[in-house]
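Throughout, protein chains are lettered first and strands after them, A, B, ... in sequence-line order, and every chain is numbered starting at 1.
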4 protein chains.
Amino acid sequence: MPAKKQLGPRAQRKAERPGEILDAAFELFVEHGYLATRVEDIAERLGVTKGTVYFYFDTKELLFEETLRHACVPFTDVQAEVEKLEGPYADRIRAFVRVVYSRICADRKSRELLRLAIAEGARFPHVVDRQFDEQILPMFNAARDLFQAGVDAGELHCPALLQFPQLAISATMQMIVWDLLFFDRKPIDAEAFIEAHLDLLLHGALKHARTPEPAEGSSVS
Amino acid sequence: MPAKKQLGPRAQRKAERPGEILDAAFELFVEHGYLATRVEDIAERLGVTKGTVYFYFDTKELLFEETLRHACVPFTDVQAEVEKLEGPYADRIRAFVRVVYSRICADRKSRELLRLAIAEGARFPHVVDRQFDEQILPMFNAARDLFQAGVDAGELHCPALLQFPQLAISATMQMIVWDLLFFDRKPIDAEAFIEAHLDLLLHGALKHARTPEPAEGSSVS
Amino acid sequence: MPAKKQLGPRAQRKAERPGEILDAAFELFVEHGYLATRVEDIAERLGVTKGTVYFYFDTKELLFEETLRHACVPFTDVQAEVEKLEGPYADRIRAFVRVVYSRICADRKSRELLRLAIAEGARFPHVVDRQFDEQILPMFNAARDLFQAGVDAGELHCPALLQFPQLAISATMQMIVWDLLFFDRKPIDAEAFIEAHLDLLLHGALKHARTPEPAEGSSVS
Amino acid sequence: MPAKKQLGPRAQRKAERPGEILDAAFELFVEHGYLATRVEDIAERLGVTKGTVYFYFDTKELLFEETLRHACVPFTDVQAEVEKLEGPYADRIRAFVRVVYSRICADRKSRELLRLAIAEGARFPHVVDRQFDEQILPMFNAARDLFQAGVDAGELHCPALLQFPQLAISATMQMIVWDLLFFDRKPIDAEAFIEAHLDLLLHGALKHARTPEPAEGSSVS
DNA sequence: GATGAATGAGTCTTCATTCAT
DNA sequence: GATGAATGAAGACTCATTCAT
């Protein structure tokens, strides 16, 4: 960690501006959508004028694309975390789903990003596709590997999940759609929702089902 | 139904116009969003001019709200269908989920409606809320009643579904989000997806689990 | 000449608008140039608003091109007039030059058009070239034919004019350049200027020089 | 001339900067016109930034005026050359026209300057007028003196040229207009054009017409 | 009922100009 | 001297809305 080059206040400002603009743009694009957000509004939120925004980004469209890029939280570590999981596969799956939930659904920025992708994605398909290839697909593949390992270990029986690993996080998506539609007018207890989903998910995915019958944190001797 | 023909061709035309306009508006609002759709485009699709649209709808905003209202397929019969279900509860749940799927996900109009609700809902919350109260909530309540009946009959054990009946259709939602994001650039076999979801859902929802182990159409002796 | 279809005042207005706009645009483009003329100024001169101008012309650039096209006085009749000339070729040449002068130089609109072509032509080369092919070149060819006929008739000896027929109207061009540069700050007697040019031109173009015969105020003994 | 080197490299730079800026500005103003040329483009061509240009010139408008002034090639020596001419007046006129041609028409900078004066002169009339008074008028007066001397010597008969000495260079002007309009899309052999002009000019300007004596490729049996 | 010419507020974008560093 | 981030006035263009015909 060598100290950052000692920047003058001017240079420092310049280095920080683009990020500041993208943050402000993200908020407003998320809140009002692409078309309904004025470049001037974005500038205003920073206390600068439109000219400044255009100094850093040539067009509103480019600004939007950069905004999406900037808002992406790298999911690469999700993969890493999945691979580090240990213990019974039921617990690994719980851990996986909770990680995804905390990344996509609980993290305001990611949630809003998805909102934006759904609302404006038709206008910028290449941005959505890039995001898919770099973030979503690897995550699903990591999930599939996890499920396969569970099957191989004799702990899981889940052809459905091997075919569609994304089903493991369907509740997360549903949670977000709910949020997109009703915002905070029809609140849901998100934690409880995810746990309920896990309950349903696991007792279908486990090969050795709940014969003696416990639930929530189920374990087999 | 022959009553319709009582009207002269002129009067008939007049009676049909609003519906025609709303259909055309729906297509365009869905395709481009609220702001990017011009009133003139809507008129053009019908072969009339702006003035005609404004004759029937005072403002673009009102036209949009009417469009959403008009596009709503009444779900009341979903309730009715659920109540008519008979046989093992596993099958009833399958039937319920398939009905919802065919109504919301397979029906293009409903799917697009959801797209529109997500993309523009923030601009028209009251329209979304009305739709929720009149369509979504009753459907969920019907689902909850179904699950409760299954529990009472000793066939189901699913506190999760009683708490969040919408989990039964999480895959349907996920399917739509997928479609909204990737349109037809990353196609999925929707039927297989729903069946996979049902497989997971049921084997977690059934009180008498798969002890001896069958899957897919599982049955106990 | 069947009477023009009886147009309502509305339709009549619509039919006249484009021409009115082009006239106003011509004045302003000529006066201030392409870039310095605002679309709103053009509208204002007509007592309408910019929206009206854009109703008839999609962009400022198209409006400019149409303006040039609209301002073009067809030169085709110059050709016709040249072909009808009779009498000694000296007189025919005088007549030709005077016609060109009256068309290009004395006619305010044509003069301004040339001004515009010089000032903004680099921005719209295709417009200039079209004008050249359709107007200028035929006129020069007609001139060359006239000179050739004079040579054949034994009245002219002018290889220079056969090679460069445009030399016959060089003074007209010079007059316009003068006007472009100094407008009315350094006025010139245009009629006298053209006559002086003709004096020089002819006594070089005539095969039988001025030995016996004097012309235009020049005399020998 | 060695005095220049007394300055340090820094000071020298400073002394040269204004001229460099004006040269760069000239190129760009000529190519794109006043309004379409950005101050930043001018700076960029020099490898400096806007601020530097503004250090030397307070406004774009002043920069433009200085650019015109700086681009003016002093015509004073044209006068001097004219006065040094000897021999038959026909030859003196040829020499005069050729000098003017080489100065105004063949010299790229002067030609472009005229283009600029025509295109933008209306915006800066005082600059054009100054140029006229200091450069054009003296040149024309020198020409008139030459023609008068020829008349006095009994070699010329040209009231037209005495009244409008500029007619002697009308072809030069026409050549430039041609270039302004068609650039290099309709090329002309400039040398041949000027010679043709001289042929016409002289055989009208010469008191003793071409009866006995032929010139420039013209011959009578 | 339908038309479509006209309006004008609103938005993106450019660029001459300033000034702290 | 030079830099270049920031300003803000200005201009092209759009489109919801009106209303005379």
So if I take residues 20-30 of chain C and measure heavy-atom distances to DNA chain F, which residues fall below 4.0 Å? none
Can a side chain N or O of B:Y54 be found less than 4.0 Å away from OP1 or OP2 on E:dA2? no
Give me the atom names and distance for the closest heavy-atom approach of D:F29 to D:L116. O-CD1, 3.4 Å
May I have the step-by-step check of side-chain contact (heavy atoms from CB on, under 4.5 Å) for D:D23 and D:K109, ending in yes or no? CA-CA 10 Å; D:D23 286 339; D:K109 204 161 179 175; 3.7 Å; yes
Verify, without hydrogens or angle tests, whether B:K60 (side chain) and B:T37 (backbone) share a donor-acceptor contact under 3.5 angstrom. yes
With sequence neighbours left out, write down each residue that passes side-chain hydrogen bond (donor to acceptor under 3.5 Å, both in side chains) with C:R115, or none if nothing qualifies. C:E112
Whole-Å distance, B:D41 CG to F:dC15 C1', equals 10 Å
Spacing of A:E44 atom CD relative to F:dT7 atom P, expressed in whole Å: 12 Å
Nearest whole Å is fine: how far is F:dT3 C1' from D:L46 CG? 15 Å
Please compare A:Y34 and C:G47 by the position of their nearest nucleotide in DNA chain E and report the one closer to 5'. C:G47
Please report the closest heavy-atom contact between C:L180 and C:I118, naming both atoms and the distance. CD1-CD1, 3.8 Å
Please pick, from E:dT3, F:dG4, F:dT3, the nucleotide with the shortest atom-to-atom distance to any side-chain atom of A:F55. F:dG4
Report all side-chain donor-acceptor pairs from residues 119-126 of chain C shorter than 3.5 Å, counting only partners two or more places apart or in another chain.
unit_1, atom_1, unit_2, atom_2, d
C:E120, OE1, C:R123, NE, 3.3
C:E120, OE1, C:R123, NH2, 3.4
C:E120, OE2, C:Y34, N, 2.8
C:H126, NE2, C:E65, OE1, 3.2
C:H126, NE2, C:E65, OE2, 3.1

Would you indicate which nucleotide in F:dA9, E:dG8, E:dA2 comes nearest to any side-chain atom of C:T49? E:dG8
Would you please name every residue forming a side-chain contact (heavy atoms from CB on, under 4.5 Å) with D:L46, sequence neighbours left out? D:E20, D:I21, D:A24, D:V48
Closest non-hydrogen atom pair between D:L63 and D:T67, with its separation: O-OG1, 2.6 Å
Let's see if you can work this out: which of E:dT3, E:dG10, F:dC15 has an atom nearest to the side-chain heavy atoms of B:V48? E:dT3
In terms of side-chain heavy atoms of D:T52, which of E:dT3, F:dT3, F:dC15 is nearest? F:dT3
Dot-bracket for DNA chain E: what is it, with Watson-Crick or G-U pairs under 3.5 Å, [ ] where a pair crosses earlier ones, and | for a pair to another strand? .||||||||||||||||||||
Under the rule for ring pair (Phe, Tyr, Trp, His ring centres under 6.0 Å), what residues qualify as partners of B:F57, not counting sequence neighbours? none
So, is B:K60 close to the F:dA16 phosphate, meaning a side-chain N or O under 4.0 Å from OP1 or OP2? yes
Write down the distance between NZ (A:K50) and C1' (F:dT7), rounded to a whole number of angstrom. 9 Å
Judged by each residue's nearest nucleotide on DNA chain F, which is more toward the 5′ side, B:T37 or C:E61? C:E61
Using atom OH of D:Y56 as one end and atom C1' of F:dA2 as the other, report the distance to the nearest whole Å. 9 Å
Distance in angstrom units between A:H32 NE2 and E:dT11 C1', rounded: 16 Å
Between A:A36 and D:L35, which residue's closest nucleotide on DNA chain E lies nearer the 5′ terminus? A:A36
Could you tell me how far apart C:D58 (CG) and F:dT14 (C1') are, to the nearest whole angstrom? 12 Å
Nearest-angstrom distance from the residue atom CD1 of C:I42 to P of F:dC13: 11 Å
What I'd like to find out is whether the side chain of A:L181 reaches to under 4.5 Å of the side chain of B:Q131, using heavy atoms alone. no
For E:dA16 and D:T59 - does any side-chain N or O of the residue sit under 4.0 Å from the phosphate oxygens OP1/OP2? no
